[in-house]
Amino acid sequence: MSEAYLCTLDEASIKKAKEELNEDPNDRLAAVDHLRQWALQQSHMTCRTDTEFLLRFLRTNKFSQLNARKMLEEHVKLRCTIVPEWFGDVDPADPKVQKILDTGYVFCLPNRDDKGRRIVVCQMGAVNPKDKAISPDDLSRAGFLVNDAILRDENNMVNGFVYFIDFTGFTAKHLTFWGTETIKKRGQFFGRYPGRFKEVHYFNTGPLFEAMFTIFRSFMPNKLKNRNIMHGNNMEDVYKHIDKKLLPRDFLPDDYVGPCAGTIKDIIDDFKMDLMKRRGSILRDQSAFSYDLKKKTADIPNESFRKINLD
């Protein structure tokens, strides 16, 4: 029996989910229950089985049960065996997490673009690479905390994300700080993390960026490779893709007098408040995951292959 679920998709997102993701509101909960029963039958892993969480995998995989199962298992492996240091005991109230968020390393802009997508900003040069109190793993923990928080809004699941990655201030010391092993670990999330990653914009790139990106790009699926957009150091080019009214004042021309998202500091402060409101569920949900390959059985019950959508 599934828990009470109230769809919070707006009308545009309902239409998009049906047209692009094969989501039928009449069959939605049956599809979730099907995936839930499969997850509960797996003796080698545990995970969240609430509707909101399982819908992430169904929507990312256009309601293919088999692909959703594969990604769900890979996601649990990611959390528990591949990079457990990025997902365990991540507390929004942790002073280290708060410090990283305050730098502006990663944050989400408050408003959606005209396609309903949220925009995540990552400032690669914002953190001091000489700060011994912060490690690359700490930055990854903060980054995935932000992503997980955004995915809790199902409109974001359907419409997806745009990333704006700013390399202003990125130096050789930053590249050394990250190291090739961490960059390779970052590549492990492809195919294991639910979400519709629609565009990735890179600004103020240079030779150091190329060294990092060459490694990271090797892990990308072809679809995402085609969604990388390079802007050099031309913000006017960025504005062609991301409306000025969506961006922080800090990213806009001095003579710009139109609407904007506010200052980076104000955006971060508001986002941190939202994270703290969700702190209880964030902490509770982290304890739901476990994975033990030695307990994995060789087969899956045939009944779990039942087709949900017959029309």
Side-chain angles (χ1 to χ4, degrees), residues 1-5 7 9 16-84 86-88 144 147-148 150-154 156-161 185 187-198 219-224 284-311:
M1 181 68 68
S2 63
E3 85 285 1
Y5 165 76
C7 179
L9 294 178
K16 182 179 290 187
K18 186 172 184 178
E19 294 176 350
E20 298 183 11
L21 306 181
N22 302 320
E23 180 169 342
D24 183 343
N26 296 319
D27 288 339
R28 181 193 293 127
L29 292 182
V32 171
D33 281 337
H34 205 54
L35 182 58
R36 178 183 293 116
Q37 291 308 312
W38 175 83
L40 292 172
Q41 290 170 6
Q42 306 312 302
S43 59
H44 65 293
M45 72 177 202
T46 62
C47 64
R48 287 174 57 187
T49 56
D50 57 279
T51 298
E52 180 262 306
F53 180 74
L54 295 179
L55 275 172
R56 299 181 189 181
F57 297 87
L58 287 167
R59 285 169 170 154
T60 299
N61 291 283
K62 299 185 177 182
F63 277 76
S64 162
Q65 286 285 331
L66 294 181
N67 289 342
R69 292 175 196 169
K70 180 179 178 181
M71 177 175 278
L72 177 57
E73 178 164 358
E74 289 297 321
H75 182 75
V76 177
K77 285 169 62 178
L78 181 74
R79 284 179 171 268
C80 298
T81 67
I82 299 175
V83 282
W86 292 359
F87 292 97
F144 282 106
N147 283 331
D148 276 352
I150 300 168
L151 279 172
R152 290 171 185 265
D153 182 338
E154 61 180 338
N156 297 334
M157 292 187 218
V158 169
N159 294 300
F161 307 93
K185 284 199 297 183
Q188 296 299 312
F189 90 93
F190 294 117
R192 294 185 170 100
Y193 198 86
R196 305 188 74 198
F197 306 105
K198 307 304 291 183
F219 292 95
M220 290 182 182
N222 288 330
K223 181 185 291 187
L224 189 56
R284 181 187 66 243
D285 292 343
Q286 289 175 23
S287 65
F289 299 89
S290 67
Y291 192 88
D292 186 348
L293 182 60
K294 292 181 292 185
K295 294 182 179 180
K296 185 171 183 176
T297 55
D299 202 2
I300 302 171
N302 288 334
E303 63 182 17
S304 66
F305 289 92
R306 180 175 60 88
K307 186 175 176 65
I308 294 296
N309 295 309
L310 299 177
D311 298 326

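These numbers come from the heavy atoms of this one structure, side chains and all, not from hydrogens, waters or symmetry mates. Positions are given from 1 along the sequence.
Within the model, atoms CG of Leu58 and CG of Leu72 stand 9.0 Å from one another, a figure rounded to the nearest 0.5 Å. The distance from atom CD of Glu23 to atom CD of Glu19, rounded to the nearest 0.5 Å, is 12.5 Å. For the atom pair CZ of Phe87 and CG of Asp285, the computed distance is 13.5 Å after rounding to the nearest 0.5 Å. Rounded to the nearest 0.5 Å, atoms CG (Asn159) and NZ (Lys198) are 9.5 Å apart. For the atom pair Gln41 CD and Gln37 CD, the distance stands at 6.5 Å (nearest 0.5 Å). Atom CG in Asp27 sits 9.0 Å away from atom CZ in Phe63 (nearest 0.5 Å).
Shown here for Asp50 and Arg36, the closest heavy-atom pair between the two residues is C-NH2, 3.9 Å. Scanning all heavy atoms of the two residues, the minimum distance from His44 to Lys295 falls at CB-C, 3.6 Å. Between Gln188 and Leu78, the shortest heavy-atom contact is O-CD1, 3.9 Å. Minimum interatomic distance between Ala39 and Thr49 (heavy atoms only, all atoms of both residues): CB-CG2, 4.4 Å. When all heavy atoms are compared, the tightest approach of Glu20 to Lys62 is O-CE, 3.4 Å. Residue Val158 comes nearest to Arg196 through the heavy atom pair O-NH1, 2.7 Å, listed as atom of the first residue, atom of the second, then distance.
With Asn156 contributing its side chain and Ile150 its backbone, the two residues share a donor-acceptor pair below 3.5 Å. When atom types are taken as modelled, the side chain of Thr60 and the backbone of Phe57 share no donor-acceptor pair closer than 3.5 angstrom. The main-chain N or O of Ala31 is found under 3.5 Å from a side-chain atom of Gln65 such that the two form a donor-acceptor pair.
When side chains are defined from C-beta on, Glu154 counts as touching Arg59, because their heavy atoms get closer than 4.5 Å. Within the 4.5 Å cutoff, no side-chain heavy atoms of Asp148 are placed close to those of Gln286. Using a 4.5 Å heavy-atom threshold, the side chains of Glu73 and Tyr291 count as touching. Contact check for Cys47 versus Gln42: no side-chain heavy atoms found under the 4.5 Å cut-off.
Relative ring orientation between Phe144 and Trp86 is described as parallel, the plane-to-plane angle staying below 30° on a 0-90° scale split at 30° and 60°.
By the side chain to side chain contact (heavy atoms under 4.5 Å, CB included) test, Lys70 is found to be paired with no residue, residues two or more places apart in sequence or in another chain being considered. Listed by chain and residue number, Lys77, Arg192 satisfy the salt bridge (Lys or Arg N to Asp or Glu O under 4.0 Å) test with Glu74 (two or more places apart in sequence, or in another chain).
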Intermediate values then yes/no, side chain to side chain contact (heavy atoms under 4.5 Å, CB included), Met45 and Cys80: CA-CA 10 Å; Met45 72 177 202; Cys80 298; over 6 Å; no
Arg152 vs Glu52, side chain to side chain contact (heavy atoms under 4.5 Å, CB included): CA-CA, chis, key distance, verdict: CA-CA 7 Å; Arg152 290 171 185 265; Glu52 180 262 306; 4.3 Å; yes
CA sep, side-chain torsions, deciding dist, call: Met220, Phe197, side chain to side chain contact (heavy atoms under 4.5 Å, CB included): CA-CA 11 Å; Met220 290 182 182; Phe197 306 105; over 6 Å; no
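A ring-centre distance under 6.0 Å is not found for Tyr193 and Phe161.
In summary, of the residues considered (Leu55, Leu40, Asn61, Leu54), a side chain to side chain contact (heavy atoms under 4.5 Å, CB included) with Leu35 occurs for Leu54 alone.
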